[in-house]
Amino acid sequence: MYSNKENVNILTSLLVAHGVRHAVVCPGSRNSPIVHNLTECPDIQCHPVTDERSAGFYALGMCQATGLPVAVCVTSGTALLNLSPAVAEAKYQHRPLVVISADRPPQWIDQLDGQTLQQPGVFGSFVRKSVSLPEPHDDETRWYCNRLVNEALLSSVYEEAPVHINVPISEPLFGFTTSFLPQERSIDRTDSFPNFEAIAIEVGERFLEASRPMIVIGQTKDDGYPENYGDDYRLVADYAVVLHEPLCDFICPSHFDEVLSLVGEQPEYKPDFVLYLGDTIVSKRLKKFLRNCRDCYFVMANESGSLCDTFMNLRHWVHCDTSMLLTLADLLREKQPQPTAFRKLWAQALSRAQAHADNYKPSFSQMAAVRLFEQSFDCSRQPIVHYANSSAIRLANVYARHYVYCNRGVNGIEGSLSTAAGYSLVTKNPVFIVIGDLSFFYDSNALWNKQLKGNLRILLLNNGGGGIFRQLPVGDGRSSALDYVMGSHHTSAAGICQSYGVEYLSARNETEMEEGIRILMQKESPCPVLLEVFTDAATDTQVYKDYYRSLFLVLTIPSDDGSKWICKCVEHLD
């Protein structure tokens, strides 16, 4: 029988899955649930050592002899500090030593309770990874606990380095009534360098075996793919579903967010294989949709060296560059399979969503401003386009047909204007930034620079606050509560522009907006030009909702009871 502590059972199951076969265990009470599990587990041989300092070196010797990861388990308090010499030695010998420490619950640290100290991070740079497990209480904390253990063990095994797994355990400690260890998701890691071809073929075979394959491409650099990728991309997109946003270095639009607003719960639209390339995705709908695809095999391929379980179902992480997509294209050329029915289903919905975006003409609003801005491009001038976070980048996902720069690494509102301004100083190309009012005023000192030139153009969307926050259920809709959350204001950029020598334009209706965007795009100027479009936040929100509601008129979605289901979707949008 195993411990009743769920984090301990998750840890034990994954130790086995990642090849730990030996554990050096030290005496103590707080670590007794862990030691009990290790001694009960038939796949792990335990070796008791009383002195923790000696125990660390015992485990190091086992690493040397077996070439495998070896665990050493200690109780809470100063017992952990005694492992430091062995951990430091393991670092410089490149040995996969797995330090497991029991700990008191975090609320009792530094509260004059016995055998407590700040255990997470105690080994500093001597370990490659340090994690502290939660005590799970729901599905999300179970996933978090699973992910942390996978991350630590993958770092130890593949980077041949010591890691530290800290395990807070609440009392009572001595319940051992669990019959079986859980069947935990084990994430595989493959370093493709220098064996990229073999790994790509392995992923490619899974890709071809899937009946509902999908590729999701997150944010990439503007030169993330070779110049000749177009044919390869089209070949893959003709066979499988490929979803991306304009933050990715592909020119063709992908209106998956609109499609997901309607089909998010429809099983026929769910993939059974997903290859995730690149970095961040803006769409919350896509994240929610894929997190609910529990039976899907997820592969992530990136060159950052960071394991990111964005969709909470990752099974295989490949450390490689974005050429994985191009390798799939070569495999398709060789095998010449027919396009999947899954791809055809999605293609029909995506095509109609794109036609809807092209044909839908919103009333005067931020959405109308971005639509007109994107339709007014002179591509021969090779413009560079930045979007700020929040509403601006979401509107780019609807209308942009080119690569978009956006600070999505952390998604903050600060610095978007400064980033575009910095770009404009080192290029002769026109540089545009579409930015909301809070982002602009927060970063307005970006214009306090005498080096700025006329190639910087700013489309400022001013609806008097963070309009996207109007959709939050704050304060039962009370205006005072909304004011605090939205950061409501009555500020204009006119004075700022005058102070910093920026040419200022404004628009308060559709006619002024059309003329302002024409000037913004075409006028020659020795200084930056800014167009401030004033809209109403409530109208902006309503127009955005109406855009999604009108999709029901152009998308035909199979359903047992279409009318009932559509009503449910409309309710959800509200």
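Just so we're clear, the structure is a prediction, and the values are computed from it rather than from any experiment. In what follows, every heavy atom counts, from backbone to side chain, and hydrogens, waters and symmetry copies are set aside.
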Can you tell if the side chain of [X] reaches within under 4.5 Å of the side chain of [Y], non-hydrogen atoms only?
X    : Y    : value
L208 : P337 : yes
I34  : I169 : yes
L290 : M214 : yes
V16  : C41  : yes
D309 : W143 : yes
S416 : H386 : no
F207 : Y239 : yes
P271 : V241 : no

List, one per line, each side-chain donor-acceptor pair under 3.5 Å for residues 67-83, sequence neighbours excluded.
from : atom 1 : to   : atom 2 : distance (Å)
T75  : OG1    : R30  : N      : 3.4
S76  : OG     : Q115 : O      : 3.3
N82  : ND2    : T78  : O      : 3.2

Salt bridge [X]-[Y], side-chain N to carboxylate O under 4.0 Å:
X    : Y    : answer
D232 : R333 : yes
R291 : E140 : no
E202 : R206 : no
D139 : R294 : no

Euclidean distance, [Y] [atom2] relative to [X] [atom1], rounded to 0.5 Å:
X    : Y    : atom1 : atom2 : result
H94  : C63  : NE2   : SG    : 13.5 Å
K288 : R285 : NZ    : CZ    : 9.5 Å
R142 : M312 : CZ    : CE    : 11.5 Å
L60  : R95  : CG    : CZ    : 7.0 Å
I109 : R104 : CD1   : CZ    : 8.0 Å
M300 : L277 : CE    : CG    : 8.5 Å

Give a yes or no on whether the backbone of [Y] and the side-chain of [X] come within a donor-acceptor separation of less than 3.5 Å.
X    : Y    : result
H36  : M1   : yes
Q219 : D279 : no
N150 : N146 : yes
K344 : P339 : no
E245 : S283 : yes
K5   : S170 : yes
R185 : L314 : yes
S32  : S29  : yes

ask   = Taking the inter-plane angle between the rings of F311 and F298 on a 0 to 90° scale, is it parallel (under 30°), tilted (30 to 60°) or perpendicular (over 60°)?
value = tilted
Pair Y269 + F256: ring centers closer than 6.0 Å = no
Qualifying residues under side chain to side chain donor-acceptor pair (under 3.5 Å), relative to [X], sequence neighbours excluded:
X    : answer
D272 : S211
T177 : N4
H164 : S101

For the residue pair [X] and [Y], what are the closest heavy atoms and their distance?
X    : Y    : value
A59  : L97  : CB-CD1, 3.4 Å
I217 : C248 : CG2-SG, 3.3 Å
Y233 : H244 : OH-NE2, 3.0 Å
H18  : S186 : NE2-OG, 3.5 Å
L38  : A23  : CD1-CB, 4.0 Å
L247 : C406 : CD2-CB, 4.2 Å

ask   = Stepwise, does the side-chain contact (heavy atoms from CB on, under 4.5 Å) test hold for N302 with Y276?
value = CA-CA 8 Å; N302 66 18; Y276 183 21; over 6 Å; no
message = With side-chain contact (heavy atoms from CB on, under 4.5 Å) as the criterion, how do N389 and R408 come out once you've worked through the C-alpha distance, each side chain's angles and the decisive distance to 0.1 Å?
response = CA-CA 7 Å; N389 277 306; R408 289 303 292 184; 2.7 Å; yes
More than 12 heavy atoms of other residues, nucleotides or ligands under 6.0 Å from [atom1] of [X]: is that the case?
X    : atom1 : value
Y442 : OH    : no
Q64  : CD    : yes
Q107 : CD    : yes
D295 : CG    : no
Y144 : OH    : no

inquiry  = Assess the residue pair W108 and D103 against the criterion (side-chain contact (heavy atoms from CB on, under 4.5 Å)); give the C-alpha distance rounded to whole Å, side-chain angles, the decisive distance to 0.1 Å, and a yes or no.
reply    = CA-CA 10 Å; W108 287 107; D103 198 359; over 6 Å; no
Side-chain atoms of residues 8-15: list all donor-acceptor pairs with protein atoms under 3.5 Å, sequence neighbours left out, distances to 0.1 Å.
from : atom 1 : to   : atom 2 : distance (Å)
N9   : OD1    : N37  : ND2    : 2.7
N9   : ND2    : S3   : O      : 2.8
T12  : OG1    : V8   : O      : 2.7
T12  : OG1    : N37  : ND2    : 3.1
S13  : OG     : P182 : O      : 2.8

task = Before giving the answer on side-chain contact (heavy atoms from CB on, under 4.5 Å), spell out for V87 and V99 the whole-Å C-alpha distance, their side-chain angles and the decisive distance to 0.1 Å.
result = CA-CA 8 Å; V87 171; V99 174; 3.7 Å; yes
Side-chain polar contacts of residues 42-58 - donor-acceptor pairs under 3.5 angstrom, sequence neighbours left out - could you list them?
from : atom 1 : to  : atom 2 : distance (Å)
H47  : NE2    : H22 : ND1    : 3.0
D51  : OD1    : R53 : N      : 2.8
D51  : OD1    : S54 : N      : 3.3

